[in-house]
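Letters go in sequence order (proteins before strands), and every chain restarts at 1.
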Number of protein chains: 2
Amino acid sequence: MARKATTFDLFSAIAEPRRRELIEKLIGKELFVNQLVALLGWKQPTVSKHLKVLKEVGVVSERKEGRMRVYKVNAPSLKPVQEWVNQFENYWEYNLDNLEVYLEDIQTKKEE
Amino acid sequence: MARKATTFDLFSAIAEPRRRELIEKLIGKELFVNQLVALLGWKQPTVSKHLKVLKEVGVVSERKEGRMRVYKVNAPSLKPVQEWVNQFENYWEYNLDNLEVYLEDIQTKKEE
DNA sequence: TTGACATATTCCAACATCGGAATACGTTAG
DNA sequence: CTAACGTATTCCGATGTTGGAATATGTCAA
């Protein structure tokens, strides 16, 4: 056994550079698929497939409008990503070597 | 042609669930590989391989300490992720249907 | 120096992913 | 109803990714 599907995971969905590019086009507006195709310059099936992945993880949502479909970003779906990254915010300022923790680790090691 | 390597991309590096788990163990402290192995319960080569990926994208850094190696998170390396996600922060509050933009799109379409 | 230890690397099999091409599906226009 | 349109889906080949096992590398201890 080697791998699990990652496409249905939020972090993996936005890991794809082209999917991030697509998402950015949808910031603050709603677009039809053919508009996205024009903006991005990709093949239509490529756009649709990436939209499908993003829809499955909830990053975009879709609405039918006649024979067209309108896509938009579901911004709150990205909160888990921000929350995860924010865990590290406290450590952004100083990239200190943190001697204390280091020494503590050494000590822990010695005691084993 | 089908794919580009993703392992050397920051977003892909943290897309791996196990790598996120590993990174979390290093929040606020430095750990030896064998400590990570113990904490995570994975095989040692598995831990080393994930550390390698994370090191390549700069998420962790490493220091030799005798025959051991000390790893720590390089928190600022995660800034691009936070910045990317923050683009959407303005749209977190209201998940409004944004009728205006929608109608504008319709109009744009008609004009084509 | 030599063996034990800590960690890294290589090789491999299973499987996931991506883009392209072709095609299917649903809806509207005429 | 039928053709055109907009979008989604399927199939495929090339290639990336992962964990496991085995092994290599480097360093300390005796």
Any [X] side-chain N or O less than 4.0 Å from OP1/OP2 of [N]:
X       : N      : value
B/Tyr71 : C/dA8  : yes
A/His50 : C/dC18 : no
A/Arg69 : D/dA8  : yes
B/Asn34 : C/dT7  : yes
A/Thr46 : C/dG20 : yes

Query - hbond_proxy A/Gln44 side chain to D/dA8 base (donor-acceptor, 3.5 Å cutoff) - result: yes
Query raised in the report: Per the atom types in the model, does the base of C/dG20 pair as donor or acceptor with the side chain of A/Lys49 at under 3.5 Å?
Result: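 Present.
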Rounded off to whole Å, could you give me the [atom1]-to-[atom2] distance for the [X] and [N] pair?
X       : N      : atom1 : atom2 : result
B/Glu16 : D/dG16 : CD    : P     : 17 Å
B/Glu62 : C/dA8  : CD    : C1'   : 10 Å
A/Leu22 : C/dC18 : CG    : C1'   : 15 Å
B/Met68 : C/dT7  : CE    : P     : 7 Å
A/Leu51 : D/dT9  : CG    : P     : 11 Å
A/Phe32 : C/dT27 : CZ    : C1'   : 14 Å
A/Arg63 : D/dA8  : CZ    : P     : 14 Å
B/Trp42 : D/dG19 : CH2   : P     : 8 Å

Query raised in the report: Hey, does the side chain of A/Asn74 reach the backbone of A/Ser61 with a donor-acceptor pair shorter than 3.5 angstrom?
Result: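 Flag not set: sc A/Asn74 to bb A/Ser61 has no pair under 3.5 Å.
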Query raised in the report: Is there a donor-acceptor pair under 3.5 Å between the side chain of B/Arg20 and the backbone N or O of B/Ile14?
Result: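 Looks like yes, one N/O pair under 3.5 Å.
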Query raised in the report: Say you draw a straight line from CG of B/Leu54 to CD of B/Glu62; how long is it, rounded to the nearest 0.5 Å?
Result: 12.5 Å
**Report entry** Euclidean distance, A/Arg19 CZ relative to B/Phe11 CZ, rounded to 0.5 Å
**Finding:** 13.0 Å
From C-beta outward on [X], which listed nucleotide comes closest to its side chain: [options]?
X       : options               : value
A/Lys64 : C/dT27, C/dT7, C/dA21 : C/dT27
B/Lys43 : D/dG20, C/dA6, D/dA8  : D/dG20
A/Arg67 : C/dT7, C/dA4, D/dA4   : D/dA4

Query - Nearest-nucleotide comparison on DNA chain C, the residue closer to the 5′ end among A/Pro45 and B/Ser48 - result: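 Comparing both residues, the 5'-ward one is B/Ser48.
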Report task. For B/Lys52, report the nucleic acid contact type (base, sugar-phosphate, nothing); a contact means any heavy atom under 4.0 Å. Result -> sugar-phosphate
Report task. Assess the side chains of A/Asn34 and A/Gln44: does a donor N or O sit below 3.5 Å from an acceptor N or O? Result -> no
